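Every value quoted in this text rests on a predicted model; they were computed, and no experiment measured them. Indexing begins at 1, ligand by ligand and atom by atom, following the structure's order. Side chains are part of it too, since the values below use all heavy atoms of this structure and drop only hydrogens, waters and symmetry mates.
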Amino acid sequence: MRIAMIGTGYVGLVSGVCFSDFGHEIVCVDKLTAKVETLRAGGVPIYEPGLDEMLRRNVEAGRLSFTTDLAEAVKGAQAVFIAVGTPTRRGDGHADLTYVYAAARELADVIDPGTVVVTKSTVPVGTNREVARVIAERLVETGRDCPFEVASNPEFLREGAAIEDFMRPDRVVCGVDSEVAEQVMRDIYRPLSLREAPVMITSLESAEIIKYAANAFLATKITFINEIADLCEKVGGDVKAVAKGIGMDGRIGSKFLHAGPGYGGSCFPKDTSALARIGQDHSVPMRIVETVIDVNDRRKRRMVDKVLDLLGGKANGKRIAVLGVTFKPETDDMRDSPSLTIVPALVGGGAKVVVTDPEGRREGEALLPGVTWAEDAYAAAVEADAVVLLTEWNQFRALDLKRMRGGMRGDAFVDLRNVYDPEDVTQAGFRYVSIGRSDAEPTAGAPVTELMPST
Ligand code: UGA
């Protein structure tokens, strides 16, 4: 099937490349000439494991191409996907749909009759019907007779695991309003049926809500375990054991229960905020989601205190090595990363901050003024008073702790991802603080035996 993909951001590019790998003929279109040129030359503007190889393979096979020309891209296409950005609108938390509607309007002039216009961008309830209205309005304006269909096809892939998520999804959700659109969507995803991925057909509205509800639920799950971690720190307990203990209950599930410095990224912060606004607009307050947003924002700020507590309360004059600045490993994405709250606070407090990240430097340099960049963890830690592990890249999971400690002038290790075994770090000569593991804290309470009343 011939398919056009509008937008070569994360979702658009991964989807386009993966669809071409299914065997479909894909034309990706973007307004940014430089980006299209990079893609045409075989370059991939984002860091996503495996994407460059899959892109090259499908370009060579003649199934995947890139253009800035919308008319050329949609000519002969049975389905046109809109995968443009829907950032948070400045000031009010709503999703900004400018690019979605602009694309819809432009499409009205160029699509072939019978095309299914599929929205893949994350959009609030009602957007797909509005897309249909915008296209219909423009068709009336131009006097063009061009029947078309719409469909909603939200994406659930994670950055860093995008190809695996696309190729082996838990489910594919297609919101449709007609049998024709349903058939086209089923044909597009047929290759996945060999892998028994369920294709779920819903109304347009349900599909739109599923996307926001899924992200909000996952953000809630993370925030919940983060609060439980705080409790563990205060009353004694290990959040890893607690997460395991509750996660083994099939109704709860073990995924997304890793306590950390707060969720970030291009999706959870944006989508929770948009869902809260949708609720307010319809007088159905999303009180849980609103609280999650607030708790997560405060959490990122509180992580600074965790670092400072181990440094005697002051950042001034201290040298701090930060390992990892992207919002999670295997991506170069810095959007809403906890590092953007934590690092500037340390720099602002007078610390000399040395950061290292396998992929984050290109984006991070402009976002983190006043820091020094180091090649690796050991170089970052030279003469440091403290090491802060902020993103759990593989490179930081098996550090030679003694070697690192040997190059430092201080002995503080703040592990905001619970990567290390407290005993190993302590044995390497560190004072160690992690998340929700009271036993690991230097100020841990007295052993239980000492607390027993004497008889
Ligand atoms: C998220 C969803 O997981 C995808 O299903 C969805 O398609 C995507 O948003 C989107 O809407 O496009 P992503 O933002 O790439 O994917 O990253 P996640 O792996 O979900 O991580 C998000 C944040 O939560 C990260 O900051 C991560 O460190 C944090 N996290 C995740 C935790 O703190 N604990 C966990 O247990 C899991």
**Prompt:** When you look at M167 and D21, which way does the side-chain contact (heavy atoms from CB on, under 4.5 Å) test go after all the steps?
**Reply:** CA-CA 10 Å; M167 293 300 194; D21 213 55; 3.7 Å; yes
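Within 6.0 Å of atom OH in Y99, 12 or fewer heavy atoms from other residues, nucleotides or ligands are found, so the atom counts as exposed in its surroundings. Residue R171 qualifies as enclosed at atom CZ: its count of foreign heavy atoms under 6.0 Å is above 12. By the 6.0 Å contact criterion, CD1 on I288 is open, its count of non-hydrogen atoms from other residues, nucleotides or ligands being 12 or less.
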Under 3.5 Å: N or O atoms of ligand 1 paired with protein N or O:
| from | atom 1 | to | atom 2 | distance (Å) |
| --- | --- | --- | --- | --- |
| ligand 1 | 5 (O) | F156 | O | 2.7 |
| ligand 1 | 7 (O) | E155 | O | 3.4 |
| ligand 1 | 7 (O) | F156 | O | 3.1 |
| ligand 1 | 7 (O) | L157 | N | 3.1 |
| ligand 1 | 7 (O) | L157 | O | 2.7 |
| ligand 1 | 7 (O) | K211 | NZ | 3.3 |
| ligand 1 | 11 (O) | K211 | NZ | 2.6 |
| ligand 1 | 11 (O) | N215 | ND2 | 2.7 |
| ligand 1 | 15 (O) | E159 | N | 2.7 |
| ligand 1 | 15 (O) | K328 | NZ | 3.2 |
| ligand 1 | 17 (O) | K328 | NZ | 3.0 |
| ligand 1 | 19 (O) | K328 | NZ | 2.9 |
| ligand 1 | 26 (O) | G264 | N | 2.9 |
| ligand 1 | 26 (O) | F327 | O | 3.1 |
| ligand 1 | 28 (O) | R417 | NH1 | 2.9 |
| ligand 1 | 34 (N) | H258 | O | 2.9 |
| ligand 1 | 36 (O) | L257 | N | 3.3 |
| ligand 1 | 36 (O) | H258 | N | 2.9 |

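Remark: the backbone N or O of P358 is not paired with any side-chain donor or acceptor of Q395 at under 3.5 angstrom.
You'll find the ring centres of F19 and Y189 inside the 6.0 Å limit.
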